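Computation of the quantities below employed the complete heavy-atom set of this structure, encompassing side-chain atoms and omitting hydrogens, waters and symmetry-equivalent molecules. Small disclaimer: the values here were computed from a predicted structure and weren't measured. Lettering follows sequence order; numbering is per chain, from 1.
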Amino acid sequence: MAVLVIADHDGAHLRDTTLKVITAAQKLSGDIDVLVYGEASAVAAQAAGAAGVRKVLTAESAELKADIAEAVSALIVSLAGGYDAIAIPATASGKNVAPRIAAALDVSIISDVIDVVAGDTFVHPIYAGNALETVKTADAKKVLTVRPTAFAPVAATGGSAAVEAVAVPAVTLKTRFVSDEKVVSDRPELGAAKVVVSGGRALGSADEFKAVLEPLADKLGAAVGASRAAVDAGYAPNDYQVGQTGKVVAPELYIAVGISGAIQHLAGMKDSKVIVAINKDPEAPIFQVADFGLVEDYKTAVPALLKALG
Amino acid sequence: MKVLVPVKRVLDYNVKVRVKSDQTGVDLANVKMAMNPFDEIAVEEAVRLKEKGTVTEIVAVSIGVAQCEAILRTALAMGADRGLLIETDQDLEPLAVAKVLKAVVAQENPDIVLMGKQAIDGDNNATGQMLSALLDWPQATFASKVEIAGSEALVTREVDGGLQTLGVQLPAVITTDLRLNEPRYASLPNIMKAKKKPLDTKALADYGVDAAARLTVVKVTEPAKRSAGIKVDSADALIANLKTAGVL
């Protein structure tokens, strides 16, 4: 039994996510290959150094770099014959292609795996994490998306896997890449940060969101997140959204500022190690999951925090 | 231009989810059911495209128990033209739903299948992608903006790190994200009118599709509860506690 893990990367760096998916894959098999597609060369060397990797496969093309689902799916389907399972990070990119691959292989998709019980049995959250479903698949080949926050990373160094370029299948694409509008930030990535500072609708405007949260995030070396309400209101970009349909995070420290704590937000952060809630409403549901709650207006609480942090 | 909008009947998002004590699933007896919120966004987008004159016909389809008719009537009240209920008591997996929808597409020949990116029960985020694979159509998932330009849809997508815009040749599958639009409430006159709009009912067996389950549910459990911690009375006290907890 061999597993193909799809690498999560930005063209220069292999994301931590990949190392966590490798851990999940190790519960299925010791034979783990990692596929790096898109802009692969720098990342392939990093993947080859990760502990427990047998081989690194690379595939490069403009369409793969643009993450066009038809191209990525065709590539992975072309490699699927050599594997019993394909493990894909449960990121927006992974969720975009994984079901397409599964359907092309005529197998079911098992989404957001948080535990591997046996080679054919997996646990995943349903109903925004309000229930955990254990499913056993009858499919010989498994296609999984893996929720990275549920697994510890393997060591990033110590491995010495061979790197091998694979053929990119010719596909007549009916999709063209038009443009990207990526949020550029020097802060750590939301999914990988040790500390996350998140803001809610209480902040009232995009300017206030920045003015209040950014100094605190800078001080703590934190990533900035937002509730769905804050994103919907235009205070923060979509990529900041923490929750059921946004990013799922599990940092060491999560600080929720002016977030009431809707179920769909809690689904995205309740596995954080320590949760702090700052909200002037003592009845806000966020306090039910917070380790430390400060009932105070963020307008006084956040400056006081900054001062106390020195 | 014709749009097919699949709509799913799910537990209303305001209802508290209760896991059954025998661990066989989530308790859906006597609770409020509603249209999956992402599907509402898909219906709304289709109606807006029709109001702009781009789309001429909207067909809403639902697969499930007889009560899915109410969900289809909601779609009709919002502005869909016709409903199709494919009745089954079986709880279909995304792959099976995609296979049934493929058969519906073969009959209806839509230019766009516009659907929610995920249903809020299974949270799989899979059926649209699976359908486009089976049809060998392009896909544009997680849409936050859709523009039709001739035989192409320009779709802005919510992706890791920001937004991406793709041009997909029609026919295509487009799945909706939260910020595509805010669905309207159906007005009373439209609710009345919807009662008279055509709605066909078929049986799952009419489509001759292999809808057998591939997955067996071993159990459904409640996640470990996180208990509330303590309230602190100042920023200084908060920092002191975080230092003790070892996270600062």
Side-chain angles (χ1 to χ4, degrees), chain A residues 69-70 73 91-93 95-96 99-100 102-104 107-109 111-112 121 125-139 174-183 228 232 237-239 245 252-253 270 273-274 276 287-295 301 304-305 308-309, chain B residues 11 17 19 26 93-95 98 118 120-127 129-130 132-134 137-139 141-142 144 154 158-169 172 178-179 214-223 226 228-232 234-236 238-239 241-242 245 247-248:
Chain A
E70 294 152 275
S73 165
T91 57
S93 164
K95 289 177 177 190
N96 183 42
R100 193 171 177 108
V107 301
S108 54
I109 175 87
S111 309
D112 271 317
T121 308
I126 56 174
Y127 286 94
N130 284 301
L132 302 179
E133 185 182 58
T134 306
V135 290
K136 183 174 176 181
T137 177
D139 291 317
K174 288 171 255 180
T175 303
R176 71 183 175 96
F177 171 77
V178 178
S179 63
D180 260 343
E181 198 184 308
K182 295 285 167 81
V183 180
R228 175 184 162 186
D232 283 354
N238 64 281
D239 188 45
T245 59
E252 296 279 301
L253 174 60
K270 67 183 168 56
K273 190 171 162 222
V274 172
V276 169
F287 288 119
Q288 290 164 20
V289 299
D291 298 285
F292 303 110
L294 179 55
V295 183
L305 260 182
L309 284 164
Chain B
L11 183 66
V17 175
V19 174
V26 164
E93 292 165 11
L95 181 62
Q118 73 189 70
I120 60 164
D121 48 6
D123 279 338
N124 283 301
N125 191 334
T127 306
Q129 294 91 314
M130 289 186 138
S132 49
L134 298 179
W137 284 9
Q139 68 184 49
T141 54
F142 324 149
S144 66
L154 284 172
E158 299 203 350
V159 297
D160 305 309
L163 300 170
Q164 179 192 50
T165 303
L166 296 178
V168 288
Q169 283 170 33
L178 292 168
R179 281 164 284 276
R214 306 290 185 87
L215 304 176
T216 314
V217 176
V218 178
K219 62 177 178 177
V220 175
T221 57
E222 267 187 63
R226 199 174 173 118
I230 57 164
K231 295 259 172 73
V232 295
S234 71
D236 289 319
L238 178 57
I239 303 270
N241 274 296
L242 292 178
V247 289
L248 273 190

Nearest non-hydrogen partners of A308(A) and I239(B), listed with the distance: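 Nearest heavy atoms, A308(A) then I239(B): CB-CG1, 3.9 Å.
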Atom of E252(A), atom of V247(B) and distance for their closest heavy-atom approach: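 The answer is O-CG1, 3.6 Å.
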Residues two or more places apart in sequence or in another chain: which of them pass side chain to side chain donor-acceptor pair (under 3.5 Å) with E222(B)?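 Scan of E222(B) (side chain to side chain donor-acceptor pair (under 3.5 Å), adjacent residues dropped) gives K225(B).
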Worked verdict on I109(A) versus L95(B) for side chain to side chain contact (heavy atoms under 4.5 Å, CB included): CA-CA 8 Å; I109(A) 175 87; L95(B) 181 62; over 6 Å; no
Side chain from CB out, backbone as N, CA, C, O: work out which of these in [X] comes under 4.5 Å of a heavy atom of chain A, or both, or neither.
{"X": "L163(B)", "answer": "both"}
{"X": "Q139(B)", "answer": "both"}
{"X": "V232(B)", "answer": "both"}
{"X": "V26(B)", "answer": "side chain"}
{"X": "L238(B)", "answer": "side chain"}

Between T165(B) and E181(A), does the side chain to side chain contact (heavy atoms under 4.5 Å, CB included) criterion hold? Intermediate values first, please. CA-CA 8 Å; T165(B) 303; E181(A) 198 184 308; over 6 Å; no
Could you walk me through whether V276(A) and L242(B) pass the side chain to side chain contact (heavy atoms under 4.5 Å, CB included) test, one step at a time? CA-CA 9 Å; V276(A) 169; L242(B) 292 178; 3.7 Å; yes
Between [options], which residue shows the highest count of heavy-atom pairs closer than 4.5 Å to chain A?
{"options": "Q164(B), R179(B), K219(B), Q118(B)", "result": "R179(B)"}
{"options": "P223(B), A126(B), S234(B), P94(B)", "result": "P223(B)"}
{"options": "A98(B), S132(B), A245(B), S144(B)", "result": "S132(B)"}
{"options": "L11(B), V19(B), V17(B)", "result": "V17(B)"}
{"options": "V168(B), T141(B), I230(B)", "result": "I230(B)"}
{"options": "D236(B), L134(B), L248(B), V217(B)", "result": "V217(B)"}

Is chain B contacted by the side chain of S73(A), its backbone, both, or neither, given a heavy-atom distance below 4.5 Å?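 Contact with chain B: none, neither part.
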In terms of heavy-atom proximity below 4.5 Å to chain B, should A131(A) be classed as side chain, backbone, both, or neither?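 Its backbone and side chain both get close to chain B.
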Could you tell me which residues satisfy salt bridge (charged side-chain N to carboxylate O under 4.0 Å, His left out) with E133(A), sequence neighbours excluded, listed by chain and number?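 Once residues adjacent in sequence are excluded, E133(A) has no partner under the salt bridge (charged side-chain N to carboxylate O under 4.0 Å, His left out) criterion.
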Can you measure from CG (N125(B)) to OG (S111(A)) and round to the nearest 0.5 angstrom?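 N125(B) atom CG to S111(A) atom OG measures 7.0 Å (nearest 0.5 Å).
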S93(A) and D160(B) side chains, donor-acceptor separation under 3.5 Å: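 Absent: no donor and acceptor within the cut-off.
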Counting heavy-atom pairs under 4.5 Å to chain B, which of [options] comes out on top?
{"options": "L253(A), T121(A), L294(A)", "result": "L294(A)"}
{"options": "L132(A), D112(A), T175(A), I126(A)", "result": "L132(A)"}
{"options": "A102(A), A104(A), A290(A), P237(A)", "result": "A290(A)"}
{"options": "T91(A), T245(A), V183(A)", "result": "T245(A)"}
{"options": "N238(A), V295(A), N130(A)", "result": "N238(A)"}
{"options": "L305(A), D291(A), T137(A)", "result": "D291(A)"}

Contact between R228(A) and L178(B) at the side-chain level, heavy atoms closer than 4.5 Å - yes or no?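 They are in side-chain contact.
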Residue pair V135(A) / V218(B), side-chain heavy-atom distance below 4.5 Å: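 SC-SC contact between V135(A) and V218(B) ruled out.
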What verdict does the side chain to side chain contact (heavy atoms under 4.5 Å, CB included) test give for V220(B) and T134(A), after you've listed the backbone C-alpha separation in whole Å, the side-chain angles of each residue and the deciding distance to 0.1 Å? CA-CA 6 Å; V220(B) 175; T134(A) 306; over 6 Å; no
Hey, does the side chain of R100(A) reach the backbone of M130(B) with a donor-acceptor pair shorter than 3.5 angstrom?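 Absent.
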Would K231(B) pass as a cation-pi partner of F292(A), given that its NZ or CZ must be under 6.0 Å from the six-membered ring centre and within 45 degrees of the axis?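 No.
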